[in-house]
Structures are given as C-alpha cells and as structure tokens.
Amino acid sequence: RGLHIKNAVGWNTAKDAYNNFGSNRGKSAFFNDRGNANRGRFEHGGFGGGGGNSRWVEESRDDGDWSKPTPRNERLEHELFSGSNTGINFERYDDIPVEATGHNCPHHIESFQDLDLGEIIMGNIALSRYTRPTPVQKYAIPIIKSKRDLMACAQTGSGKTAAFLLPILSQIYTEGPGEALNAAKENGKYGRRKQFPISLILAPTRELALQIYDEARKFSYRSKVRPCVVYGGADIGQQIRDLERGCHLLVATPGRLVDMMERGKIGLDYCNYLVLDEADRMLDMGFEPQIRRIVEQDTMPHKGIRHTMMFSATFPKEIQILARDFLEDYIFLAVGRVGSTSENITQKVVWVEESDKRSFLLDLLSATGKDSLTLVFVETKKGADALEDFLYREGYACTSIHGDRSQRDREEALSQFRSGKCPILVATAVAARGLDISNVKHVINFDLPSDIEEYVHRIGRTGRVGNLGLATSFFNDKNGNITKDLLDILGEAKQEIPSWLESLAYEHQHKSSTRGRSKRFAGGFGARDYRQTAAGGNAGGFAGRGRNQGGHGGARGFGGGGFGNFYTSDGYGGNYSHSQVDWWGN
DNA sequence: AAAAAAC
C-alpha cells in the first residue's frame, strides 16, 4: 500500500480514477453516496477514507505552491464541467447598470484577464465556458480581490456564486493555507481532527448549500483546496468523515455548522473569508441568533480582520443596518437589469377566492404545455401536502418539497422536477430562494406570501436562461398586507395592474399605520445603499458621505430608463425579479 | 400563524 501511495502522489491515472469513482451524482444520489461523491475527487481515488489516508492527503497538500495546478483528471473534469450549466455568455449585456457606493471603490473589470486571478482559476473559468464576467462579477471580483467588505444586491442567476467563489479561491491559491494548515496538523495525529476552513459560506436552505458546494467543486478543481458541505437532515457521521479528509472551504447551513463546532469538528479561528448568501434571510429573526453564535460568539477573526461578503436579491433597510455589525467599511453594490422594456417575466395578479383556488389552478395547468415546468408556491407545509395530493388525484405528475419532508425526499423531489419527470412542483418557502432551476416557465403563487421580499425571490425562479417567464398570483382578501408593495412592484416592472388592486391599496394605506409593512421592513427592501439616504445615513452613523463616493460606475444608467424609479422616496430599487436577465445570451 | 434551520 505504501508503494501505491507513493505512486499516487503523482496522481492517479485516468483508469484508476475511473475504477474508483463508480457512482456519479445524478438524481438524488448525493444523499446516499455522499462519501463516494467526494471520493470522486481524484486526491482520494483508491482510498476508503480512513484516518491514515486523510493524513496522506493532508501532507501531500502541505508541501508545494498552492498557486500551481495539480495534474488533470479527465474523469473528474468531465463530471464537473459537462453538466447542463453551459456557462454564461454576457456579451449582449454591457448596458446593465451597476452602482457601487462606499469609500475608495476599486475599479471594475471588463474581462477576466484584467486581473491576475491565477492559473488555476483561469483554467476553471475556461472549462466552465465563461467568456466574460457578468455585471455583478465585473464589480464584485476586484472588490473582493482588494479585500474590501461587500454588500451586493443582485439577482440569483446573475452569476453571483462565481462572483464570490472566484476571487476567494484565487486568493487562497495565491496566499496558501497559512496558519490554518499548521493548526490542523497540531490538532492530533489520529483522525478526529478539528478542521480549520479558510473560507465559510452560509446559506439558508440545505438545497442551496448543496448547489453552492457544486460550484465550489468546479472552481477548486486542480487545486489543493478541498471544499466540503454540511447541512442538517443528512448523516452527520458521513459529513464528519468527509471533513476529516481536509476542509479548506466550507459551505454550510447554520444549525449543522453550530453542531459541528460544538462537537469540535470545525474551528473558525483561521476563517478569513465569510460569505452570507441570501444575506437578508440569514439576518432575519429566525437566523440572526445562529449567525451571531457562529460569527461573533466563537473564534472567528473579528470584522476588519476577516473579510465579509453578503449577497442577496433583496436588502431591506433594516437588514442593512443590522448587517453593519458584521461589516467593516463596505462597498454596496446594486446590479440592475437590462432596459426597462425587456422584462422577461410577465406578472399577473388574479382575484381568486379561497374556495375557487383549486379549480382555477387546474385551468391554468391544463393550459400549460406538457414539457414546461410549473412551480406552485403555497404558504404552509400542510397546504403543500394537500395540494400535491389533490393534483396527483387529478392525474398530474407532480411532487412537493417542504421542510417536513425527509432530506432524501426533498432532494429527490427537486431532482424529479429539474429533470422534467415531475413537471409540477408544489413548494413552500424552502424553494423560493437561490435555487437555479432552468426552464421553469410558470411560477404560480397559489398562496401569496406575506412579505414582498418572498414574492420577489419566488417569481425569480422563472424567466431564466433567456426564456420568457410567467408569474401568476392568486389574490383575495387574505392578502391585504402585501397590497401596497405588490402594487409598487407591478408598477415598477411596467406590468398590467388590475384596477381593483389599485383601489384596494388606496384603502389599505388609509387603514394601516405601517402601510401594511412590518416594522422590521418599514424602510423598504430596496436595491440601494441605505447610507446614501439622508435619514438612513444619519441614523446609521454614516452621515456626511456624499452619494457615490466610490466615484466610478455609479452614474451609469441610473436615473435613466435602466433603473426606472430607482431613487424614489420609498427606496424601491430596480432589482426585482423582473430584473431577471437573459444572462446567457439568447 | 406560518417557513426555514440541529439532533
């Protein structure tokens, strides 16, 4: 075996790798084959995953330059890069307005070559078939490369995962593991070692964490960086064993990460890069304590020392204020959409009484082509089960996803929906954010959500890959609280507004002191830097900063057609779901 | 009141 190890240092032959990597991750295989999925990384080919093996892996990473690519592995390369994700072709979208605000904002790039991202990253960009950076990447990459903190307001599907993974990994490759590696080595020789990831990415749902992890595997190909993912509902023993093989970049949902920290499996002492994806959700009432537990009440480097990045399609002012606790002198980035005439999501709101919803839904579904995907959102888990059951009895191939289903069932449902085997997915909020499902033609809000951010994220599941999207919402007198915000959204997106909705909004405004918004979101969810408003700036201690001190890029496209009423007194920005853009080029 | 997120 020793001989095998020595030989293996020269990396496995394609044949070895093939033999040792039997199970690809298709469908819901990930849950079952968690270990195999990671063993697929060629470093681990041929090893069962005991402590001794992971020592070998660790030591092999130890020496040498982290900036130099490790040898190719064709089997793995094929697995990582041949997927349906065909890269981003952005050539038609130079006119998307982006605004960067904050002190001394680094200049944006126009091409991946404009910055020294290093050999490994450039290779993986090529393998991913990315030709040019998307707008959020043009701005975020140099900001992150120059170690500035960042709050970025950009639609999912705009290439934001790569916008943080590329520069973070690039820097890890350039700078090497530093102290993190020594800490891991001192920790004990016989397995069960605490891992000290250099970068941590937190996401609000398990499926989203998985999706980010998949991207991380691509961009860490041929490097010494080993990405891992941990989330609830799956076997913790397998996740621990996977961590013990080495973990330099960790993607996690908060609860399972806290568990791992308390079990002594993860130490954040050397975690220099922190990303909160869907940051406004991560900082809302349900998640905030766990985020503070992870970021503030443990061993993570303080803000200003570590580097913190937040991404979301919505950023309510209240959340921006809260976010200051984690950020140091950050840049705020607002990424807009192509000119106001090219909305590719048609938003419809129809009045449907509760008792008529099912038959109305059947009408909609019968008018839908068989090969297009329809995502039906409901408010409750019970409602999701009941509706799935109903549709099933009506003869529709449908499935459902919600938090009371087993993790295995959740991943299976998502996979059947993605593949078109079940072209109708009934879902709760768990599927509203971040999931990249191509070819969703129709989003139906069977039940409207109670806050507008949720609405924005939900309808953003359609209109991707240049397809036209349709979003239909059932509205009745239970939805009074969202009336005003919905009206604003429809207006900004130049959508048809039913006259009854308009008069309802007017009535509601005079009935309700908070205009239907919860206190927490009283400031608007806007796509703008709250520091730029007089009130926000003063309240937040950022008084006296002029607008757009970053100095560049800001004025471009703003106040013009591109952002519509981006700077209305409400602070509602041009970054709603209709800002969903044909990022792929046709 | 309900969703999500650890066991």
Side-chain angles (χ1 to χ4, degrees), chain A residues 31 34 156 200-213 228-240 243 250-266 276-295 297-298 312-314 319 354 375-388 400-411 413-414 425-435 445-458 461 476-482 516 518 520-521:
Chain A
F31 184 79
R34 183 73 188 82
T156 309
L200 173 66
I201 296 143
L202 292 171
T205 67
R206 298 161 181 177
E207 287 75 14
L208 184 55
L210 209 42
Q211 189 178 287
I212 296 165
Y213 168 73
C228 292
V229 61
V230 299
Y231 55 80
D235 180 19
I236 198 168
Q238 285 197 21
Q239 290 180 359
I240 290 171
L243 289 175
L250 181 63
V251 187
T253 50
R256 180 54 65 90
L257 175 60
V258 169
D259 195 351
M260 290 290 190
M261 288 159 66
E262 284 169 359
R263 288 170 188 240
K265 300 300 173 191
I266 288 291
L276 300 189
D277 202 7
E278 305 296 338
D280 64 329
R281 166 65 82 242
M282 301 308 284
L283 295 176
D284 86 5
M285 289 171 284
F287 276 114
E288 186 196 338
Q290 292 180 79
I291 300 302
R292 290 197 187 275
R293 162 77 182 81
I294 293 164
V295 179
Q297 290 152 30
D298 216 273
S312 182
T314 52
I319 297 292
E354 221 48 45
L375 184 49
V376 184
F377 281 107
V378 294
E379 228 6 45
T380 66
K381 293 180 274 204
K382 268 174 86 172
D385 283 337
L387 191 60
E388 184 203 355
S400 70
I401 185 167
H402 64 68
D404 273 356
R405 301 198 66 190
S406 74
Q407 189 55 27
R408 188 187 179 138
D409 286 349
R410 284 167 59 159
E411 286 171 31
L414 198 55
L425 179 66
V426 181
T428 60
V430 71
R433 282 171 175 263
L435 293 184
N445 282 313
F446 189 85
D447 303 314
L448 268 165
S450 52
D451 66 272
I452 198 69
E453 287 79 14
E454 174 75 12
Y455 175 86
V456 168
H457 284 275
R458 282 184 183 183
R461 296 313 102 208
N476 59 41
D477 47 22
K478 283 170 70 181
N479 305 115
N481 50 1
I482 203 178
S518 75
R520 194 168 180 85
F521 294 99

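So you know, we letter chains A, B, ... as the sequences are listed, proteins then strands, and number each from 1. As a basis for the values below, the full set of heavy atoms in this structure was taken, side chains included, without hydrogen atoms, waters or symmetry mates.
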Task: Of the listed nucleotides B:dA5, B:dA2, B:dA4, the one nearest the side chain of A:Thr428 - done: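 The listed nucleotide nearest to A:Thr428's side chain is B:dA4.
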Task: Which nucleotide in B:dA4, B:dA2, B:dA5 has an atom nearest any side-chain atom of A:Ser450 - done: B:dA2
Would you mind reading off the distance between [X] atom [atom1] and [N] atom [atom2], rounded to a whole angstrom?
X	N	atom1	atom2	result
A:His402	B:dA2	NE2	C1'	13 Å
A:Glu453	B:dA4	CD	C1'	16 Å
A:Asp451	B:dA4	CG	C1'	13 Å
A:Leu283	B:dA4	CG	C1'	14 Å
A:Ile236	B:dA5	CD1	C1'	14 Å
A:Asn481	B:dA2	CG	P	15 Å
A:Asp447	B:dA1	CG	P	18 Å
A:Ile482	B:dA2	CD1	C1'	14 Å

Side chains of [X] and [Y]: is there a donor and an acceptor less than 3.5 Å apart?
X	Y	answer
A:Gln407	A:Arg206	yes
A:Asp280	A:Ser312	yes
A:Glu388	A:Ser400	yes

TODO: State which residues pass ring-ring contact (aromatic ring centres under 6.0 Å, His included) with A:Phe446; sequence neighbours excluded, sorted by chain then number.
DONE: A:Phe474
Classify the nucleic acid contact of [X] as base, sugar-phosphate or nothing, counting any heavy atom under 4.0 Å across all strands shown.
X	result
A:Gly403	sugar-phosphate
A:Arg293	nothing
A:Val430	sugar-phosphate

Open item on the list: Taking salt bridge (Lys or Arg N to Asp or Glu O under 4.0 Å) as the definition, give me every residue that meets it alongside A:Arg263, ordered by chain and number, with sequence neighbours left out.
Closed with: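 Only A:Asp259 meet the salt bridge (Lys or Arg N to Asp or Glu O under 4.0 Å) criterion with A:Arg263.
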Phosphate OP1/OP2 of [N] contacted by [X] side-chain N/O (<4.0 Å):
X	N	value
A:Arg281	B:dA3	no
A:Thr253	B:dA6	yes
A:Lys381	B:dA4	yes
A:Arg410	B:dA5	yes
A:Thr205	B:dA5	no

